[in-house]
Amino acid sequence: MVTAEPDSNETLVRFEGVERHYRMGENLVRALDGVDLEIRRGEYWSIMGRSGSGKSTLLNVLGCLDRPTGGRYLLGGTDVGGLEDDELSSIRGLRIGFIFQSFNLIPQLTVLENLEVPLFYQRVSPREAAERAVYFAGKVGLEGRLHHKPNELSGGQQQRVAIARAMMNDPLILLADEATGNLDSNTETEILALLDELHEEGKTIVMVTHAEKVAARAERMLVLKDGRVEKVVENPGRGPARC
Amino acid sequence: MLNTTWIRTIKLGFKSLMLHKLRSALTALGILFGVSSVIAMLSIGEGASFEAQEKIKALGSNNILLESRKPPEKENQQSQGTSFSAQEYGLTYDDAIAIAETLPAVEVVVPIRSIPKRVRFGSRVVNAQVMGTVPTFAAVTGTRLAHGRFLSRVDLERKRNVAVLGAELARKLFPLTDPIGKPIRIGAESFRVIGELAPPGGANDASASATATGAVFVPLSAARSFFGELTVKVSSGSREFERVQLHRIQVRVDDPGNVLDTSTALRALMRKRHKEIDYAVEVPLELLRRAEEIKRTFNIVLGSIAGISLLVGGIGIMNVMLATVTERTREIGIRRALGARRGHIVAQFLVETVVLSCLGGLLGILLGIAIPGLVEYWTSQKTIVRPVFAALAFGISAGVGIVFGLYPAWRAAQMDPVEALRHE
Ligand SMILES: Nc1ncnc2c1ncn2[C@@H]1O[C@H](COP(=O)(O)OP(=O)(O)OP(=O)(O)O)[C@@H](O)[C@H]1O
Ligand SMILES: [Mg+2]
């Protein structure tokens with residue numbers, strides 16, 4: 001279990017030589033191959049790198065969806081490597097907010113019901129869950145679409161629902177994997193503005209992206225290459241990336 | 001808290017099932033037929049055995065019946081040898097006395113002589129079975145009287161020539177008049193009618209009065225002195241002489257618990273007294289036991305058939321649930337990413353199968369109750385639906401849901417969340 005609530009500016013995430021290897025018959029795929037990383041509370045990171053460089057793998061390990069095969073991952077002081085499957089589920093449910101490229105809303109549920117899903121698995125009363133869902137739907141500008149099904153919404157609207165859903169459990173860290181990859185540039189701008197707003201409110205955000213322009217919004221940019229950290233760029237928006 | 005979680009999980013299950021109404025309905029149909037066939041088969045089996053048991057019970061569960069039987073060896077002897085010597089076999093007066101005296105649990109012994117004779121009143125002549133017996137016959141066989149009285153001890157002691165008519169015989173001889181007090185002739189002898197038996201109660205009445213409806217009852221002593229012990233059978237041109245003392249002995253035991261022991265002792269006694277098996281022993285209680293055994297076998301066979309149909313239904317559910325799990329892999333990945341534990345996923349899919357099979361089970365109970373009703377209506381075969389059957393069938397359907405839902409649910413829970421999220 002995650003121990004005491006970390007103070008502000010405290011280290012939230014610490015990777016110490018994290019590895020994620022896949023054994024494919026004879027071959028060993030090194031999706032992550034010794035990553036060191038430290039993320040503090042309230043920071044806004046972007047992760048870049050070529051396709052197959054391990055960005056999604058890194059994000060999945062960060063979000064406790066996947067377990068490292070080597071190294072150490074401390075989340076808020078807890079060593080994630082030694083946790084049971086159920087404990088990882090609890091961490092995801094209490095501390096993590098995921099935003100996916102393909103939105104990943106549950107198609108048969110309404111917007112409201114989709115927003116309630118994360119709290120369904122927590123000790124939250126249905127009424128409180130509904131109240132929070134309405135609040136966050138309003139925050140992403142979808143108060144009028146509560147009873148619509150995902151397929152009745154535009155891509156941008158669906159991603160707003162996904163962001164609201166990621167906020168439902170008031171996570172320690174918000175993880176977005178190419179959150180704007182399926183959206184046109186106008187909608188992308190809207191979504192990024194929404195993330196900026198959340199960041200300003202103090203959320204810790206890690207965002208995987210392919211676009212320099214998108215990555216430039218973050219405070220720090222991590223560039224991956226073949227499962228290793230190629231470089232970390234401070235304030236990438238303030239000029240060309242340098243080593 | 002736990003309760004609301006379950007209620008919400010069940011609601012979720014209903015919702016998923018309603019998304020695929022036709023698929024859910026077809027899947028539930030398998031369970032429906034399984035459950036209804038369990039109930040229908042048990043009810044029909046129960047009804048059939050109930051009827052058989054009632055018939056046997058009417059013979060008297062306290063009773064043991066002995067009957068004279070011509071041993072097969074004698075038949076051969078007769079056809080080859082001396083044609084005028086009378087053939088002697090069967091139960092004897094001494095048998096009846098021995099049974100009454102040596103078997104402690106025996107309460108009453110009723111000896112019966114049964115001779116075919118012509119019975120005549122005025123110009124009417126009817127072929128009837130003359131039953132020479134004792135007064136206790138009526139009590140032991142449950143014979144009821146319509147008019148007059150049955151044979152008495154005095155009738156027996158004084159060899160009175162009095163007669164009690166079976167209902168049908170009375171109707172044939174006296175279609176218009178009251179037979180009581182009327183003189184009739186049995187063979188060459190004169191008798192006076194003192195009573196008339198009640199007609200049998202109904203189609204299911206297996207009491208002695210039902211079988212004795214065409215008979216005439218006289219005191220055993222009178223039958224013996226008037227008609228002798230020799231009977232003549234005329235069959236296919238040749239005459240057969242038979243000497244049989246008693247045709248039947250009906251024994252009543254004081255308590256049903258003693259019937260089986262007494263019947264064993266009685267068989268041993270009879271074996272000692274008779275060189276040949278020229279008699280048969282029939283124990284209604286034994287028949288009852290045998291009927292119960294047959295019923296059990298019947299139930300096992302029917303139960304297996306019904307069980308197989310439930311198995312098929314269960315496999316159908318499992319098949320559909322495996323497909324559903326594959327189809328909803330992405331949803332499973334999403335729920336896992338949002339904090340669902342493996343147990344939550346198991347519960348979600350298990351609830352779906354249990355809801356499905358319980359719905360099928362409930363409808364199956366309705367159909368299962370309706371089928372025996374229709375069977376009874378069309379075939380007049382008696383059926384008995386017991387609440388236990390419905391409870392059993394429902395329990396089985398819920399069990400089928402759990403057993404066959406467990407594997408798909410487990411498969412769903414075992415999925416790696418990352419893989420599941422990548423699933424198209
Ligand atoms: N389940 C798996 N089994 C084997 N290899 C895998 C598995 N998942 C990922 N990999 C490999 O790990 C490496 C990193 O994959 P990952 O999905 O993290 O890349 P990515 O940087 O997110 O790429 P993209 O930009 O295309 O999304 C790839 O070489 C991939 O083939
Ligand atoms: Mg990726």
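Order of the sequence lines fixes the chain letters, A, B, ..., with proteins taken first and strands second; residue numbering starts at 1 for each chain. Every value quoted in this text rests on a predicted model; they were computed, and no experiment measured them.
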Original post:
Side chain, backbone, both or neither: which part of A/Phe100 has a non-hydrogen atom closer than 4.5 Å to chain B?
Top reply: side chain
Original post:
Rounded to the nearest 0.5 Å, how far does CD of B/Glu331 lie from CG of A/Leu105?
Top reply: 12.0 Å
Subject >> Reported OG-to-CD1 distance for the pair B/Ser16 and A/Ile106, which is rounded to 0.5 angstrom >> reply: 9.5 Å
Original post:
Within a reach of under 6.0 Å around CZ of A/Arg50, are more than 12 heavy atoms found that belong to other residues, nucleotides or ligands?
Top reply: no
Original post:
Can you tell if the side chain of A/Gln108 reaches within under 4.5 Å of the side chain of B/Met18, non-hydrogen atoms only?
Top reply: no
**OP:** Using a cut-off of 6.0 Å, state whether more than 12 heavy atoms not belonging to A/Glu201 lie near its atom CD.
**Re:** yes
**OP:** Considering only heavy atoms and a distance below 4.5 Å, find which of B/Lys15, B/Arg328, B/Arg342 pairs most often with chain A.
**Re:** B/Arg342
Subject >> Any donor-acceptor pair under 3.5 Å from A/Ser89 side chain to B/Ala340 backbone >> reply: yes
Subject >> Nearest heavy-atom neighbours spanning B/Pro417 and A/Arg92 >> reply: CG-NH2, 4.5 Å
Subject >> Part of A/Asn104 lying under 4.5 Å from any heavy atom of chain B >> reply: both
Original post:
For B/Glu419, is it the side chain, the backbone, both, or neither that has a heavy atom closer than 4.5 Å to a heavy atom of chain A?
Top reply: neither
Subject >> Sidechain N-carboxylate O distance under 4.0 Å for A/Asp85, B/Arg336 >> reply: yes
Original post:
Does a salt bridge link B/Arg341 with A/Glu87, judged by any charged N lying under 4.0 Å from a carboxylate O?
Top reply: no
Original post:
Around atom OH of A/Tyr22, are there more than 12 heavy atoms of other residues, nucleotides or ligands at under 6.0 Å?
Top reply: yes
Subject >> From CZ (A/Phe103) to CD1 (B/Ile334), nearest 0.5 Å >> reply: 12.0 Å
Original post:
Once you round to the nearest 0.5 Å, how far does CG of B/Leu338 lie from CZ of A/Arg165?
Top reply: 4.5 Å
Subject >> Residue pair B/Arg8 / A/Glu116, side-chain heavy-atom distance below 4.5 Å >> reply: no
Original post:
Shortest non-hydrogen contact from A/Leu65 to B/Ala337?
Top reply: CD2-CA, 3.8 Å
Subject >> Structural part of B/Arg330 lying under 4.5 Å from a heavy atom of chain A >> reply: side chain
Original post:
About how many Å separate CG of B/Leu421 and CG of A/Asp66, when rounded to the nearest 0.5 Å?
Top reply: 11.0 Å
Original post:
Side chain, backbone, both or neither: which part of A/Ile96 has an atom under 4.5 Å from a heavy atom of chain B?
Top reply: neither
Subject >> Which atoms of B/Arg335 approach chain A - backbone, side chain, both or neither, heavy atom under 4.5 Å >> reply: both
